[in-house]
Protein chains: 2
Amino acid sequence: MSGNDEGLCQQPCDHPDVVDTVRKAMPEEGQQQDLAQLFKVLGDHTRVRILNALYRSELCVCDLTSILGMNQSAISHQLRVLRDAKIVRSRKQGKNVLYSLDDCHIAELIRIGFEHVQEGKG
Amino acid sequence: MSGNDEGLCQQPCDHPDVVDTVRKAMPEEGQQQDLAQLFKVLGDHTRVRILNALYRSELCVCDLTSILGMNQSAISHQLRVLRDAKIVRSRKQGKNVLYSLDDCHIAELIRIGFEHVQEGKG
DNA sequence: CCAAAACATGAACAGTTGCTCATACGATAC
DNA sequence: GTATCGTATGAGCAACTGTTCATGTTTTGG
């Protein structure tokens, strides 16, 4: 059932069977993969800035281009990543495409993340 | 004060001055950098699995090596990343080094992240 | 002292990522 | 129709990331 060649501690720390309990309590691999992917998409400076802007208002691409002071192509590429990850949504309005946060979880993740970061500075 | 060569929309979407409002409401660059860095560290499959294990119990390196079925060196390298980011803490006990989650925010980020991921599956 | 266990770390290599450039697409205005 | 604005996308490249391998450090046991 287990496939780890690397052995356990030969003199266990003081966890005789805790290891086995933890192993059985671990979430499914697929879910952990998805969670890591979510955080990975959030873990980029440009994308964090985009999300902080969209947190305040629905915005089109050129708005974001202006706010972030970056290339339009770079913004579009990152918006694609955010959209594929279902973190933002988009709707067309004439020639423009308006982007907004897709999920309320995202705003909460950003909020808690900021708390952690700010406390770490103290 | 602003240094963006890329122009604004010439026919603004329907946000005459929202752009300026958002620009002024954006968090400091340093904080957004730190937030992105936090998520980036969380955004890796191996590190997510380590955190899910430590979420259940304080564990030594060889425990994690066994639970994840991975090289001891790989685990140590990732633990270093997590420690530098102040996401886990460590204490020595004899020959072993016991790791645990440093911050309660981390557990909450993982919890909310899982919620988002599971809802996305529906 | 020496050996072994538990852990840390540096180098190297493959894989990934984010930006730039060029270009293509879609909608509006004329 | 054509021109133009707003946006999307593919290719290419430099920078970064995670694992493995080899080695070093610290602690326990004899």
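Protein chains get the first letters and strands the later ones, always in sequence-line order, with residue 1 at the start of each. Owing to the predicted nature of the structure, the values given are computational and were not obtained by experimental measurement.
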Can you tell me how far C1' of dG15(C) sits from CG of D44(B), to the nearest Å? 13 Å
Indicate whether OP1 or OP2 belonging to dA27(C) is found under 4.0 Å from a side-chain N or O atom of N96(A). no
Under 4.0 Å, counting only non-hydrogen atoms across every strand here, what does R47(A) touch: a base, just sugar-phosphate, or nothing? sugar-phosphate
Does Q72(B) make a side-chain donor-acceptor contact with the base of dA6(C), cut-off 3.5 Å? no
So does Y99(B) get a side-chain nitrogen or oxygen closer than 4.0 Å to the phosphate oxygens (OP1/OP2) of dA8(C)? yes
Is the closest side-chain donor-acceptor distance between R47(A) and Q78(A) under 3.5 Å? yes
For a quick test of reading the model: is some side-chain N or O of Q78(A) closer than 4.0 Å to OP1 or OP2 of dC19(C)? yes
Could you state the atom-to-atom distance from CG of L98(B) to C1' of dT26(D) in whole Å? 15 Å
Separation of atom CZ in R80(A) from atom C1' in dT17(C), rounded to whole Å: 15 Å
How close or far is atom P of dT19(D) from atom CZ of R49(B), stated in whole angstroms? 9 Å
Please round to the nearest 0.5 Å and tell me the distance separating atom CD1 of I110(A) and atom CD of E108(A). 11.0 Å
Within this structure, what is the OH-CD1 distance for the pair Y55(B) and I106(B), rounded to the nearest 0.5 Å? 12.5 Å
Could you verify whether a donor N or O on one side chain and an acceptor N or O on the other, from T21(A) and R56(B), lie under 3.5 Å apart? no
So does S73(B) reach the base of dC7(C) with its side chain, donor to acceptor, closer than 3.5 Å? no
Quick note, V97(B) side chain, CB onward, closest among dC7(C), dC19(C), dT19(D) is dC7(C)
Is there aromatic stacking of H77(A) on dC19(C) here, judged by a ring-centre distance under 5.5 Å and a plane angle under 30°? no
Can you tell me how far P of dT17(C) sits from CD of Q37(A), to the nearest Å? 7 Å
Ignoring backbone atoms, test whether N71(A) places a side-chain nitrogen or oxygen under 4.0 Å from the OP1 or OP2 oxygen of dT20(C). yes
Length of the line joining H45(A):NE2 and dG18(C):P, which is rounded to integer Å: 13 Å
Can E29(A) and H45(B) be counted as having a side-chain donor-acceptor contact under 3.5 angstrom? yes
Choose from dA5(C), dT9(C), dT7(D) the nucleotide whose nearest atom is closest to any side-chain atom of S76(A). dT7(D)
Result for 5'-nearest mapping on DNA chain C, choosing between K92(A) and K40(A), is K40(A)
In whole Å, what is the span from the CZ atom of R91(A) to the C1' atom of dA8(D)? 19 Å
Roughly, in whole Å, what's the span from CG in D84(B) to P in dA8(C)? 12 Å
